[in-house]
Amino acid sequence: MPYLSPALNVMVSAARKAGRGLIRDFGELENLQVSMKGPGDFVSTADERTEKILYEELSRARPGYSFWGEEGGTREGPDRTHRFIVDPIDGTTNFLHGIPIFSISVALEREGQLQSAVVYNPVTDEMYVAEKGHGAYLNDKRLRVAARKSIKDTLIATGIPFMGRPGHERSLAEVRAIIATTTGVRRCGAASLDLAGVAAGRFDGFWERGLNAWDMAAGILLVREAGGMVSDADGGPRMLESGHILAANEVLHPQILKLLKGAVAGSES
Ligand code: IPD
């Protein structure tokens with residue numbers, strides 16, 4: 001059974017409650033998908049409503065903590081040592097298209113360190129949790145990153161910034177280099193679940209450029225607590241600030257990093 005600190009317990013309950021609303025919204029989408037208006041506005045409303053539920057639940061249980069959400073920005077609390085980092089729907093494009101690969105992602109930072117994490121896919125009812133020093137779990141199962149050591153046997157997840165966004169060309173060059181060297185690459189569309197997939201040993205690694213902190217904060221702790229290594233995509237420690245991330249086991253991490261560095265030559269920086 002996972003160790004749930006009191007704060008992590010609150011985060012799990014908040015994610016479950018918000019998840020029930022999201023499941024209803026996801027069901028509604030099927031009707032909107034085929035309407036002329038399309039589901040765009042509906043999805044923005046679902047995103048905002050989900051964040052509102054998370055904010056209400058988390059701030060009721062921990063009134064002093066700061067809250068940083070994708071939709072509403074930062075709401076400072078008097079307790080400057082604790083901050084929730086929240087993505088109400090990570091994988092919005094998947095959600096919009098009726099693809100059941102999206103999550104509610106909630107991390108808790110204590111004095112700038114990731115302390116607790118929840119990544120919840122309400123459709124599959126997969127609840128990933130981690131508490132610093134107490135391991136990572138998928139529902140009741142303890143997670144370990146994959147043990148593969150040889151890059152040619154690996155399956156690597158990634159995401160690619162939209163065309164015109166910084167890092168787009170570079171990411172394509174990196175995809176080319178990684179595809180040439182591994183079993184394959186997956187682009188699933190929800191960074192938090194990609195990281196959870198690394199923690200669960202489903203993917204051997206994950207890298208992406210141009211992410212926001214709320215896409216990856218919870219997933220980073222999941223990977224670390226499952227015994228994996230996380231850095232930014234250039235090997236540095238400041239993923240949340242740079243938006244670039246690389247996660248894998250400690251043998252593969254330097255191998256993937258080398259491939260990414262090699263791929264940069266000749267492409268946009
Ligand atoms: C997105 C997802 C996606 C990644 C994008 C993110 P959002 O988050 O994590 O996998 O490739 O860069 O923006 O916008 O759905 O919360």
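One-based numbering, in listed order, for ligands and for the atoms of each.
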Enquirer: Between ligand 1 and Trp214, is the shortest N or O to N or O distance under 3.5 Å?
Expert: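 Between Trp214 and ligand 1 (N or O atoms, distance only) the closest approach is not under 3.5 Å.
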
Enquirer: Which of the atoms of ligand 1 are close to Ala191, meaning less than 4.0 Å from one of its heavy atoms?
Expert: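 Matching atoms, with element in brackets: 2 (C), 9 (O), 10 (O).
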
Enquirer: What residue and atom, counting heavy atoms only, is the protein's closest point to atom 1 (C) of ligand 1, and at what distance?
Expert: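 Protein heavy atom at minimum distance: Asp90 OD1, 3.7 Å.
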
Enquirer: At a 4.0 Å threshold, what atoms of ligand 1 neighbour a non-hydrogen atom of Glu70?
Expert: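 In order of number, 14 (O), 16 (O).
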
Enquirer: Could you tell me which atoms of ligand 1, counted from 1 in the order shown, lie closer than 4.0 angstrom to a heavy atom of Thr92?
Expert: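 Atoms satisfying the 4.0 Å criterion: 7 (P), 14 (O), 15 (O), 16 (O).
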
Enquirer: Using a 4.0 Å heavy-atom cut-off, which part of Ala190 comes near ligand 1: side chain, backbone, both, or neither?
Expert: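 The answer is the backbone of Ala190.
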
Enquirer: Are any of the N or O atoms of Ile160 closer than 3.5 Å to those of ligand 1?
Expert: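 No: no nitrogen or oxygen of Ile160 is under 3.5 Å from one in ligand 1.
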
Enquirer: Using a heavy-atom cut-off of under 4.0 Å, does the side chain or the backbone of Arg187 touch ligand 1, or both, or neither?
Expert: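 Under 4.0 Å from ligand 1, Arg187 contributes side-chain atoms alone.
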
Enquirer: Can you tell me if Glu131 and Ser5 form a side-chain donor-acceptor pair at under 3.5 Å?
Expert: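 There is such a pair between these side chains.
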
Enquirer: Does any donor atom in the side chain of Asn121 or Tyr128 lie under 3.5 Å from an acceptor atom in the other side chain?
Expert: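 Their side chains do not contain a donor-acceptor pair, so the 3.5 Å distance test is not met.
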
Enquirer: Looking only at the side chains, is there a donor atom on one of Thr158 and Glu208 sitting less than 3.5 Å from an acceptor on the other?
Expert: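 Checked: Thr158/Glu208 side chains show no N/O donor-acceptor pair below 3.5 Å.
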
Enquirer: Report the part of Ile89 (side chain from C-beta onward, or backbone N, CA, C, O) that has a heavy atom under 4.0 Å from ligand 1; answer both or neither where that applies.
Expert: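 For Ile89, only backbone atoms sit under 4.0 Å from ligand 1.
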
Enquirer: By the definition side-chain hydrogen bond (donor to acceptor under 3.5 Å, both in side chains), identify the one residue from Asp90, Asp215, Asp87 that meets it with Ser192.
Expert: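 For Ser192, the side-chain hydrogen bond (donor to acceptor under 3.5 Å, both in side chains) test succeeds with only one of Asp90, Asp215, Asp87, which is Asp90.
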
Enquirer: Among His244, His253, Arg238, which residue satisfies the side-chain hydrogen bond (donor to acceptor under 3.5 Å, both in side chains) criterion with Ser231?
Expert: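 Filter result, single survivor: His253.
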
Enquirer: Which ligand 1 atoms are under 4.0 Å away from a heavy-atom of Gly189?
Expert: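 Those qualifying, in numeric order: 2 (C), 3 (C), 10 (O).
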
Enquirer: Is Ile89 reachable from Phe84 through a run of hydrophobic residues whose side-chain heavy atoms are each under 4.5 Å from the next?
Expert: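 The answer is yes; both residues are in one hydrophobic cluster.
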
Enquirer: Looking at Phe203, does the NZ or CZ of Arg186 lie under 6.0 angstrom from its six-membered ring centre and within 45 degrees of the ring axis?
Expert: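 Here Arg186 fails the 6.0 Å and 45° test against Phe203.
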
Enquirer: Would you check whether Gly210 has a nitrogen or oxygen atom less than 3.5 angstrom from a nitrogen or oxygen atom of ligand 1?
Expert: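 Gly210 vs ligand 1: no N/O contact under 3.5 Å.
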
Enquirer: Given the rule in the ring-ring contact (aromatic ring centres under 6.0 Å, His included) test, do Phe102 and Phe26 qualify, once you have shown the distances and angles that lead to the verdict?
Expert: CA-CA 11 Å; Phe102 57 87; Phe26 193 61; 5.1 Å; yes

Enquirer: Which residue holds the protein heavy atom closest to atom 16 (O) of ligand 1, what is that atom called, and what is the gap in Å?
Expert: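 Among all protein heavy atoms, the one nearest atom 16 (O) of ligand 1 is Asp87 OD2, 2.8 Å.
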
Enquirer: Has Asp25 got a side-chain atom pairing as donor or acceptor with Ala46's backbone, closer than 3.5 angstrom?
Expert: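 No, the answer is negative, given that no donor and acceptor are paired below the 3.5 Å cut-off.
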
Enquirer: Indicate, as side chain, backbone, both or neither, the part of Asp215 found under 4.0 angstrom from ligand 1 when only non-hydrogen atoms are considered.
Expert: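 Asp215 to ligand 1: side-chain contact only, backbone stays beyond 4.0 Å.
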
Enquirer: Below 4.0 angstrom from a heavy atom of Leu211, which ligand 1 atoms are there? Numbered from 1 as shown, please.
Expert: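 Listed by number with element: 4 (C), 12 (O).
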
Enquirer: Pick from Leu211, Asp232, Leu240: which one makes a side-chain contact (heavy atoms from CB on, under 4.5 Å) with Ile245?
Expert: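 Per the side-chain contact (heavy atoms from CB on, under 4.5 Å) rule, the option paired with Ile245 is Leu211, out of Leu211, Asp232, Leu240.
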
Enquirer: Considering Arg165, Glu71, Glu208 one by one, which has a heavy atom nearer to atom 4 (C) of ligand 1 than any of the others?
Expert: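 Going through Arg165, Glu71, Glu208 one by one, Glu208 has the nearest heavy atom to atom 4 (C) of ligand 1.
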
